Amino acid sequence: MSAVKDAARKEVDRHASQLIALSEQLHADPETAWEEHRAAAAVPELLDRAGFDVTSKYLGLDTAFHASFGSGPRRIALCAEYDALPGLGHACGHNLIAASSVGAALGLAAVADDLGLTVEVYGTPAEEGGGGKIELLDRGAFAGVDLAMMAHPAPVDVAEAQPFAVSHSKVAYTGKSAHAAAYPEAGVNAADAFTVAQVAIGLLRQQLPSSARVHGVVTHAGDAPNAIPERASGRWYVRAETLAELAELEPRVMRAFEAGALATGCELEIEPESKPYAEFRADETALAHYRANALDLGREFAPPGQAARMNRASTDMGNVSQVVPAIHPYIGIGSLPATNHQHEFAAYCVGGTAERALLDAAVALAWTGVDRAGPSEDSGPSEEATT
């Protein structure tokens, strides 16, 4: 398979400058979840020029797309994320995810006929809390895919994703405004309801499993110091090891928000931002191929102490992994001490180390697709992969 892998790598190298330019374009023009209109148009342009069949507004989602090349029986899918974080831009490196997935698809397309492949790219919006992949799954995406892949930027290289399951909720309290000095007794303070809830959550953490995470932000809590806030709103995440554990944990957290409403007399509204993100189920055979391919490219995986950090971050790719074989490795951009969701990390997502990570991820993913389609996979998954 070495000649096939060489051909795939040469195709990635041939498009290197265009892939880097795409990453830089996305980085300079960040768009948040469900608003990625320019990104959803820019990301598939290279694929379209390379002969992929591109469908915009895929399955009715305005900022999703699907691109396909070849007609072979084995279907390899690359997932492209391109949403940014509010206030932080591409501080999670989704610009690199999109460009590396496009690069891997181009590499595989060059050898698709040799391997009997259909190469697919799914443009998946709203990973940052909106659950774009879940929406796509619910509408029939990924059905029949043999392997779905993407590589996520991180400070260091980690092969295996072990993310938490997570729920995302919008929380809002409605009270009654009044003059805070003249008529305080006439008001019902919505901001105070959040204070009560956050104290209750802080105390609840003492009795939660060590792996659980509960965190959020108050996005609005009044407009004037002399007016009792009649409306307060926020966004809250609850994380657990599995969806089953999350289902047990989340009601306990919701009762803390109910306590805020009870104590203050406010009305409470809780609205899910998306369906919960699932834990990840890695395809062990594909993961072993990715590790070997990354090492062949000169990548170095972090020791366990460093590895068990960013790979715990939740992702809607976990839901994809529950339906089809999938991997979600992390590609290091050499950013330490800067880490994901920091302005400093965003700065590392362009430039020298980011460019190398982009191209290495594209090649490693393409090579993993080659391995998946190669003769060694014809007999089915290994014993390790089925245990």
Side-chain angles (χ1 to χ4, degrees), residues 1-26 39 42-55 65-82 95-124 145-153 286 289-299 327 329 331 350 352-377:
M1 301 297 287
S2 60
V4 177
K5 286 187 173 182
D6 285 346
R9 182 173 189 171
K10 286 178 181 177
E11 191 68 6
V12 174
D13 290 344
R14 190 169 73 85
H15 288 93
S17 62
Q18 295 163 293
L19 296 169
I20 292 167
L22 172 61
S23 172
E24 292 175 342
Q25 178 183 348
L26 297 175
V43 173
E45 282 184 1
L46 267 178
L47 299 169
D48 184 49
R49 293 200 297 269
F52 280 71
D53 182 14
V54 176
T55 302
F65 73 84
H66 179 262
S68 179
F69 185 96
S71 57
R74 291 182 182 266
R75 294 172 56 196
I76 304 294
L78 286 305
C79 291
E81 296 175 3
Y82 33 76
N95 58 304
L96 295 170
I97 295 172
S100 62
S101 287
V102 169
L106 292 171
L108 283 171
V111 297
D113 289 343
D114 298 324
L115 298 175
L117 285 181
T118 297
V119 183
E120 302 178 44
V121 180
Y122 287 84
T124 62
V145 164
D146 292 288
L147 179 65
M149 302 184 289
M150 57 174 282
H152 196 299
H289 288 317
Y290 177 84
R291 283 195 185 99
N293 289 322
L295 290 171
D296 284 346
L297 290 169
R299 307 298 304 184
I327 60 170
I331 191 85
V350 288
T353 55
E355 292 172 9
R356 183 197 167 190
L358 187 171
L359 299 175
D360 282 353
V363 173
L365 291 173
W367 283 358
T368 301
V370 170
D371 289 327
R372 185 63 156 199
S376 62
E377 295 280 346

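Excluded from the calculations below are hydrogen atoms, water molecules and symmetry mates; all remaining heavy atoms, backbone and side chain alike, are included. Nothing here was measured: the structure is a model prediction, and the numbers come from that model.
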Legend entry - Sole residue of L96, I97, V102 in side-chain contact (heavy atoms from CB on, under 4.5 Å) with S23: L96
Of all heavy-atom pairs between [X] and [Y], which one has the smallest distance, and what is that distance?
X	Y	value
A110	A7	CB-O, 4.4 Å
A8	A366	CB-CB, 4.5 Å
A373	L117	CB-CD2, 3.6 Å
L106	A50	CD2-CB, 3.5 Å
A99	L22	CA-CD2, 4.1 Å
P329	L365	CG-CD2, 4.5 Å

Measure the spacing between [atom1] of [X] and [atom2] of [Y] and express it to the nearest 0.5 Å.
X	Y	atom1	atom2	value
N293	K5	CG	NZ	4.0 Å
L147	Y290	CG	OH	13.0 Å
L19	L358	CG	CG	6.0 Å
S71	D53	OG	CG	12.0 Å
E24	S17	CD	OG	10.5 Å
S100	M149	OG	CE	10.5 Å

Legend entry - D6 atom CG, over 12 foreign heavy atoms within 6.0 Å: yes
Inset, instruction - Please answer whether the main-chain N or O of M150 pairs with a side-chain N or O of S101 as donor and acceptor at a distance below 3.5 Å. - result: no
Inset, instruction - Answer yes or no: is there a donor N or O on one side and an acceptor on the other, between the side chain of T118 and the main chain of G72, under 3.5 Å? - result: yes
Heavy-atom side-chain proximity of [X] to [Y] below 4.5 angstrom:
X	Y	answer
F69	L108	no
I76	L115	no
R49	Q18	yes
L26	V43	yes

Inset, instruction - Tell me, please, which residues at least two apart from Y122 pass side-chain hydrogen bond (donor to acceptor under 3.5 Å, both in side chains). - result: E120
Legend entry - Chi angles and distances behind the salt bridge (Lys or Arg N to Asp or Glu O under 4.0 Å) call for D146, R372: CA-CA 9 Å; D146 292 288; R372 185 63 156 199; over 6 Å; no
Inset, instruction - Report the C-alpha distance between V370 and R9 in whole Å, list the side-chain angles of each, state the deciding distance to 0.1 Å, and finish with yes or no for side-chain contact (heavy atoms from CB on, under 4.5 Å). - result: CA-CA 11 Å; V370 170; R9 182 173 189 171; over 6 Å; no
